[in-house]
Student: 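Let me begin by handing over the structure; questions about it come next.
Every chain is numbered from 1, with letters handed out A, B, ... down the list of sequences. This is a predicted model, so every value here is computed, not measured.
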Amino acid sequence: MALFEPKNEQKEIKYAEMRIYSDEELNNYTEEELKNFKIKHDIPDLEELEKGPWPSFVSDAKQGALHRRKLADDRMLIDRDVIEDMLGQLQVSFDDGETHWKHGGIVGVFGYGGGVIGRYSDLPEKYPSIAHFHTVRVNQPASKFYNSDFLRTVCDMWEYRGSGMMNLHGSTGDLVLLGTTTEQLEPIFFELTHELGQDIGGSGSNLRTPSCCIGKARCEFACYDTQDLCYELTQYYQDELHRPAFPYKFKFKFDGCPNGCVASIARSDMSFIGTWRDDIRIDQDAVKGYIAGDFIPNAGAHAGRDWGKFDLQKEVLDLCPSKCMKYEDGVLTIDNAECVRCMHCINTMPRALKPGTDTGVSILLGAKAPILEGAQMATLIVPFMKAEAPYDNIKEFIEKVWEFWMEEGKNRERLGELMQRFGLPKFLEIMELPPAPHMVKTPRENPYVLWKEEDVPGGWTRDIKEYRTRHKR
Amino acid sequence: MGTDLPAISAGLSLYLKGDANMDEIKKAIVEFAESSKKTKFYFKDIEKAVQKVVPDAKMRDIKKACTALINDGTLIYFSTGSSTMYGLKGRGMTEDPE
Ligand code: HEM
Ligand code: HEM
Ligand code: SF4
Ligand code: SF4
């Protein structure tokens, strides 16, 4: 059993009971009015952004601005003009080629060091309604499983106490609420936690909101219970989430299998990817069924056009990156030791192929965005570990990594940068993990392990002076 | 695959380590913050400063002391959104930038 189970049954949120605005207030302008609507500032460059083929945040923001213009005075607690001023200031930033947001500040809710990000305009005389324009991050429910009652309740609350603008589930996973004043922060926190049963998320030098794929709730590929592990670690590491003391940010993400639906390998300092260490399960009759055309490949995905008859050789065997599959005499075989778990064959023929049954996680470390150095994908560090509640083995590994990073990491140094600074062999030594070929892409070309004398049976003798007579430094 | 991994020995202990002298650590934090020319401090810098005065103070205890000082209003958090620092309340930090 996991250490943390929800203490109370989840409260069902009913929008009909929680709503602030009537339908008339929510739909308070016509298409015609929108077409003729001009915000109070000139924003020619922003309007250029509306012209391309993509949906534009400028158009969305204008809708919000018109909506606020038409709400009654007592139907919103922060300034009516926030969105118009935000757009106006953005135009000035385009003109000047520099931002007019001050970076950072002292805002937050009591006792929390993250989740609220202070933003202040440096042109408060010109754009008074965005003098304070703080961002609030709301910890998304696991797998982003929530219904429209929940979402509409959040939207109403935010329209009332904030700007109404939000962006949902970007790289952090959070529901990001954009723009409110300092006075509104505690009431927002209260409503989120007490009325909506939702905590605020992470920001700053702490554990960021953990996020997971839909896992066992909906997906038969899941090799471990992503929601359970995500919930367990979120609860277990509350102190790390809300009271920042890390050198910099730290992200966990949980993918149930190598398909990587939350892209943990690219977006988290510690990426958990479900895997198996036995063999891919094969149902030979179902393989024949695919060949005979009884089943649609890819479970019907890409079915928008006719790709012709399913060709096992061309569409599966030839595309296996390690060429470890064979179909002979009506039998499909896989050399499992060579399988790199790309998921292609399983995705193509889900009725015939399934991940093995001895399942667990691979743990990869060090992905990051390009702030210092370049963008970096994660490096495989733990090829396989069981992932069963209460996950003590995983917690031990996490804390070992944190202990090292908190000790050696410089201020604002991500784990991935620290690993690079130390080098993989040294890092593995500190983690007390043996190097394994799985840790590098092409082990034969990349002899990243430098042996020590005691590692090699018989050791060796080497005369460095003699060597230097032949090789200049 | 199927690599057998050695048991990982460290960890968890992070949470079980005992309390050092909280009051001593708190005092060291406040003295460091008051004597510094800077107004905002990374946790790591606080940690180093405390360990100069209380050499056996553990990171976890220093963090607990910081949290206690936050909760009683002596310290405040400063955050840019991507990183967080600590400061003394009312000392030089732009609490209200207007
Ligand atoms: C309207 C267009 C905007 C878009 C499309 C946008 C998009 C984003 C995205 C995708 C992120 C990453 C957050 C995540 O992945 O969850 C982000 C972060 C952030 N945004 Fe925006 N944003 C917009 C406007 C603003 C405005 C107007 C502000 C404040 C004045 C703001 C403040 C922030 C802050 C403070 C962060 C976090 C930065 C950090 O973690 O270091 N954003 N934004
Ligand atoms: C090769 C191209 C790219 C790579 C490898 C990459 C990689 C990453 C990684 C690893 C992260 C998450 C880790 C972290 O926040 O430190 C991230 C976050 C992000 N990326 Fe990218 N990225 C790429 C291109 C882009 C592009 C073209 C955009 C936007 C136009 C973009 C926007 C963002 C945003 C908004 C975040 C969230 C930052 C936050 O949470 O504060 N990325 N990217
Ligand atoms: S990552 Fe794998 S287990 Fe998770 S939802 Fe995607 S396909 Fe399913
Ligand atoms: S998962 Fe990928 S590497 Fe493994 S057998 Fe299937 S196609 Fe080949």
Side-chain angles (χ1 to χ4, degrees), chain A residues 102-108 110-114 116-120 122 124 131 135 182 203-206 239 243-249 275-278 337 339 341 358 362 371 382-385 392-393 395-400 402-403 406-407 409-412 431-434 436 438, chain B residues 1-17 29 39-48 50-51 58-73 75-98:
Chain A
K102 290 188 209 173
H103 204 60
I106 306 168
V107 285
F110 185 70
Y112 275 34
V116 177
I117 303 158
R119 284 292 181 270
Y120 302 89
D122 70 9
T135 297
T182 308
S203 69
S205 309
N206 62 9
D239 192 53
R243 282 169 279 280
F246 286 153
Y248 204 15
K249 58 179 128 173
T275 188
W276 59 94
R277 59 178 167 180
D278 52 350
C339 165
R341 286 146 178 78
D358 183 8
S362 295
I371 300 185
V382 177
F384 185 87
M385 202 180 246
D392 283 345
N393 54 342
K395 290 171 189 164
E396 283 183 22
F397 179 73
I398 291 169
E399 287 165 28
K400 201 163 175 184
W402 281 349
E403 216 162 10
M406 291 178 78
E407 179 71 29
K410 297 178 188 164
N411 291 325
R412 298 177 62 80
M431 292 294 118
E432 296 175 85
L433 291 172
H438 319 94
Chain B
M1 254 197 222
T3 315
D4 276 327
L5 290 162
I8 288 165
S9 51
L12 293 182
S13 54
L14 220 71
Y15 288 86
L16 304 173
K17 279 172 194 160
I29 296 171
T39 56
K40 303 194 261 293
F41 313 95
Y42 287 111
F43 177 76
K44 234 184 146 61
D45 300 332
I46 295 179
E47 189 187 346
K48 277 190 211 140
V50 169
Q51 283 168 344
K58 296 273 177 305
M59 178 273 286
R60 208 45 39 201
D61 295 322
I62 300 169
K63 185 175 171 186
K64 272 191 205 154
C66 284
T67 302
L69 289 170
I70 292 272
N71 289 343
D72 72 19
L75 289 184
I76 39 178
Y77 289 117
F78 175 93
S79 175
T80 64
S82 58
S83 51
T84 314
M85 302 170 89
Y86 294 80
L88 270 180
K89 190 173 170 66
R91 186 164 173 274
M93 289 168 80
T94 43
E95 265 158 80
D96 191 354
E98 279 129 319

Student: Supply the atom-to-atom distance B:S82 OG to A:K249 NZ, rounded to the nearest 0.5 angstrom.
Tutor: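 Atom-to-atom, B:S82:OG and A:K249:NZ are 6.0 Å apart.
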Student: Tell me, for A:P244 versus chain B, whether the close heavy atoms (under 4.5 Å) come from the side chain, the backbone, both or neither.
Tutor: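 Looking at A:P244, backbone and side chain both touch chain B.
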Student: What pair of heavy atoms forms the shortest contact from A:I106 to B:I76, and how long is it?
Tutor: CD1-CD1, 3.6 Å
Student: Measuring heavy-atom distances to chain B, does A:F110 have an atom under 4.5 Å in its side chain, in its backbone, in both, or in neither?
Tutor: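 Answer is side chain: those atoms of A:F110 sit under 4.5 Å from chain B.
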Student: Check whether the side chains of B:T67 and A:R243 place a donor and an acceptor atom closer than 3.5 Å, and report yes or no.
Tutor: no
Student: With sequence neighbours excluded, what pairs up with B:K63 under the salt bridge (charged side-chain N to carboxylate O under 4.0 Å, His left out) test?
Tutor: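 Partners of B:K63 by the salt bridge (charged side-chain N to carboxylate O under 4.0 Å, His left out) criterion, ordered by chain and then number, come out as A:D239.
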Student: Looking at every heavy atom in both A:S203 and B:T84, which two are closest together, and how far apart are they?
Tutor: O-OG1, 4.3 Å
Student: I'd like to know if the side chain of A:R119 and the backbone of B:G81 have a donor-acceptor N/O pair within less than 3.5 Å.
Tutor: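 Checking the backbone N and O of B:G81 against the side chain of A:R119, no donor-acceptor pair under 3.5 Å is found.
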Student: Which residues pass the side chain to side chain donor-acceptor pair (under 3.5 Å) test with A:D358, not counting sequence neighbours?
Tutor: A:R277, A:K386
Student: Does A:E407 offer a backbone N or O that forms a donor-acceptor pair with the side chain of B:K44 under 3.5 Å?
Tutor: yes
Student: Answer yes or no: is there a side-chain heavy-atom contact under 4.5 Å between A:S205 and B:F43?
Tutor: no
